[in-house]
Amino acid sequence: MDRHEEREYLYWLCHVGFLGAVKIKKLHDYVESYKRIYNIEGRQLEELGILNQKEAGLFDGYKKELEKCRKELEGLEKRGILFITSHDEEYPRRLLEIHGYPMGIFVKGKLPKEERPSAAIIGARSCTGYGKQMAAHIAGELSRAGVQIISGLAEGIDGAGHMGALETGGDTYGVLGCGINICYPRENYGLYERMALQGGVLTEFMPKEAPKPFHFPMRNRIISGLADAVLVIEAREKSGSLITANLGLEQGKEIFALPGRVTDPLSAGCNRLISEGAGVLLGPDSVLEYFQLQTGKILRVHEKNKNGLAKKEKVLYSCLDLQPKNLEEIITLSGLSVSDCMSALLELEWKGLAVQTSHQYYGKKL
């Protein structure tokens, strides 16, 4: 059987709008060849109970698109975009273990390595500064330990997780809810391009297919499917992150959640996951211990070394927290003059120990 020809017929089959991954697999299990599926009449598939009457009629009409699909696939390959089928050796083994795995995926860059552990870092798009810091910090430390970072390239927690991995030289992989040649949201285009070189982006959706609300729950099963553990950083009581976590549970993945204040809506989903048995995410060590990678100082998370700080800077640093505080509050707590306080804050910012999150609000930097 010609593998290249079979890939072309599967590519065509993926364009048939009413056929999802489960139906395509069912068809292939029955016929054992994508080319043979093309040559079957829609009426026969209706008689077999695989398609309904309306679908059977539409199926024959889609056959006119075969040559167009062939040229489209050839064009993608010339631009360095791979179409990897579930029959190819390169197809991620982790995905083959989940229900309804995609029969084909598009890849720009590379795929996660099978022999290395992977963690999905997910959470709210509209997150807090603290959530972003934690996502980037945890992703960075896990990357240093050799863990691959998976997420959805969305705003907020997803983007922070990807960036944390990239900044430490690690590999990170984004799963899209749209076509491979579309970056959504547009604000993450720089991240999208960088990940194609330092990791990869992938999707099961057809090229040029715009992001649609129902695409994202479908995408989420791939995010959790590629991961060995799912880390939820910030999530509301009802959110897409909890859908991903639940999919991960069904797939047998380990779930971790970052605890938060009971009055904070963005921590409600995480706190509920913990109450239902998820692991408490106290930092990178929580995950590294699960992966049994913590075998020495290289995998031990260190607090910033503050020994070199001057006395006033030490006093000021002790007044800061991960939750940003207003300048007036910091001045009151430290007992320093306004000029001393501003001078010390600038020094802490320069040393990477403090961050100004908004006008006259400062917090510790992880």
Side-chain angles (χ1 to χ4, degrees), residues 1-108 110-112 114 175-181 200 202-210 212 214-215 217-219 221-222 225-226 251:
M1 197 175 293
D2 188 321
R3 279 184 62 189
H4 180 73
E5 193 177 49
E6 279 291 283
R7 178 179 278 101
E8 289 180 337
Y9 280 102
L10 173 58
Y11 185 74
W12 163 77
L13 202 55
C14 289
H15 280 74
V16 180
F18 51 83
L19 289 180
V22 174
K23 269 190 177 177
I24 292 175
K25 185 177 187 304
K26 187 176 180 181
L27 280 167
H28 188 267
D29 288 347
Y30 184 79
V31 183
E32 297 183 341
S33 161
Y34 296 113
K35 184 177 180 179
R36 288 182 202 146
I37 293 170
Y38 175 85
N39 290 322
I40 293 177
E41 290 185 9
R43 179 179 50 80
Q44 290 175 271
L45 295 175
E46 183 190 353
E47 288 172 359
L48 290 168
I50 296 171
L51 302 182
N52 61 38
Q53 188 177 13
K54 183 182 177 182
E55 290 170 344
L58 292 169
F59 182 79
D60 292 330
Y62 271 103
K63 293 183 179 183
K64 298 172 187 175
E65 303 292 315
L66 178 62
E67 196 54 41
K68 179 183 172 183
C69 288
R70 277 180 171 149
K71 288 178 181 176
E72 189 176 279
L73 180 57
E74 188 181 341
L76 288 173
E77 290 170 348
K78 284 179 180 176
R79 298 206 308 273
I81 295 169
L82 304 175
F83 178 62
I84 297 173
T85 79
S86 58
H87 308 282
D88 294 330
E89 286 181 14
E90 311 95 295
Y91 191 91
R93 290 199 299 272
R94 289 178 179 94
L95 285 188
L96 289 174
E97 295 170 4
I98 71 171
H99 173 72
Y101 58 81
M103 298 306 290
I105 52 175
F106 299 90
V107 181
K108 193 173 183 179
K110 58 187 178 183
L111 285 165
E114 300 291 349
V175 186
L176 306 177
C178 53
I180 192 70
N181 48 0
L202 61 139
T203 184
E204 68 179 311
F205 298 105
M206 292 294 104
K208 300 179 184 178
E209 192 162 351
K212 296 170 186 172
F214 67 88
H215 285 178
M218 294 172 67
R219 174 205 64 173
R221 84 191 193 286
I222 300 177
L226 287 171
Q251 295 164 359

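Just so it is clear, the structure is predicted and the values come from calculations on it, not from any experiment. Worth knowing before you read on, the calculation uses all heavy atoms, side chains too, and leaves out hydrogens, waters and symmetry mates.
- When each of Leu27, Leu48, Leu45 is checked for a side chain to side chain contact (heavy atoms under 4.5 Å, CB included) with Ile40, only Leu45 meets the rule.
- Here the NZ atom belonging to Lys26 is positioned 13.5 Å from the CD1 atom belonging to Ile24, to the nearest 0.5 angstrom.
- Remark: Glu65 engages Lys68 in a salt bridge (charged side-chain N to carboxylate O under 4.0 Å, His left out) (not counting sequence neighbours).
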List the steps, then state whether side chain to side chain contact (heavy atoms under 4.5 Å, CB included) holds for Leu73 with Cys69. CA-CA 6 Å; Leu73 180 57; Cys69 288; over 6 Å; no
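- Within the 4.5 Å cutoff, side-chain heavy atoms of Leu19 are placed close to those of Leu51.
- For residues 40-51, the set of pairs meeting the side chain to side chain donor-acceptor pair (under 3.5 Å) definition, not counting sequence neighbours, comprises Glu41-Arg43, Arg43-Glu47.
- Here the straight-line distance linking atom CE of Met206 with atom CZ of Phe83 works out to 5.5 Å at 0.5 Å rounding.
- Under a 3.5 Å cut-off, the side chain of Gln251 and the backbone N or O of Gly225 do form a donor-acceptor pair.
- Side-chain rings of Tyr11 and His15 approach one another, their centers coming within less than 6.0 Å.
- Expressed to the nearest 0.5 Å, how far CG of Leu13 lies from NE2 of His28 amounts to 9.5 Å.
- Residues Lys63 and Asp60 are paired through a salt bridge, judged by an N-O separation under 4.0 Å between the basic side chain and the carboxylate.
- Relative orientation of the His215 and Phe205 rings is parallel, given thresholds of 30° and 60° on the angle between their planes.
- No donor-acceptor distance shorter than 3.5 angstrom exists from the side chain of Arg79 to the backbone of Asn181, with no hydrogens or angles considered.
- Not counting sequence neighbours, the partners of Tyr38 by the ring-ring contact (aromatic ring centres under 6.0 Å, His included) test are Tyr9, Trp12.
- Evaluation of the salt bridge (charged side-chain N to carboxylate O under 4.0 Å, His left out) rule for Lys78 yields Glu74 as partners, not counting sequence neighbours.
- Taking CZ of Phe106 as the reference point, atom CD of Glu209 lies at 9.5 Å (rounded to 0.5 Å).
- Across every non-hydrogen atom of Ser86 and Pro102, the tightest pair is CB-O, 4.1 Å.
- A distance-only check finds no donor-acceptor pair linking the side chain of Arg70 to the backbone of Glu8 [under 3.5 Å].
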Report the C-alpha distance between Leu111 and Ile105 in whole Å, list the side-chain angles of each, state the deciding distance to 0.1 Å, and finish with yes or no for side chain to side chain contact (heavy atoms under 4.5 Å, CB included). CA-CA 10 Å; Leu111 285 165; Ile105 52 175; 4.0 Å; yes
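- In this view, Arg94 and Glu114, Ser118, Asp228 satisfy the side-chain contact (heavy atoms from CB on, under 4.5 Å) rule, not counting sequence neighbours.
- The closest donor-acceptor contact from the side chain of Glu204 to the backbone of Met103 lies at 3.5 Å or more, if one exists at all.
- Between Ala21 and Gly100, the closest heavy-atom pair is CB-O, 3.8 Å.
- More than 12 non-hydrogen atoms from other residues, nucleotides or ligands lie less than 6.0 angstrom from CZ of Phe18.
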So Lys208 and Glu72, side chain to side chain contact (heavy atoms under 4.5 Å, CB included) or not? Walk me through it. CA-CA 11 Å; Lys208 300 179 184 178; Glu72 189 176 279; 5.6 Å; no
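- Rounding to the nearest 0.5 Å gives a distance of 11.0 Å between CG of Leu202 and CZ of Arg219.
- Using a 4.5 Å cut-off on side-chain heavy atoms (C-beta onward), His99 and Val22 make contact.
- When the shell of 6.0 Å around NZ of Lys23 is examined, it contains more than 12 heavy atoms from other residues, nucleotides or ligands.
- In terms of modelled atom types and a separation under 3.5 Å, the side chain of Asp88 and the main chain of Glu90 share no donor-acceptor contact.
- Among residues two or more places apart in sequence or in another chain, the side chain to side chain donor-acceptor pair (under 3.5 Å) test is passed with Tyr101 by none.
- When all heavy atoms of Met218 and Arg221 are compared, the closest pair comes out as O-NH1, 2.8 Å.
- For the pair Thr203 (side chain) and Ile180 (backbone), a donor-acceptor distance under 3.5 Å is absent.
- The distance from atom NZ of Lys35 to atom CG of Leu66, rounded to the nearest 0.5 Å, is 10.0 Å.
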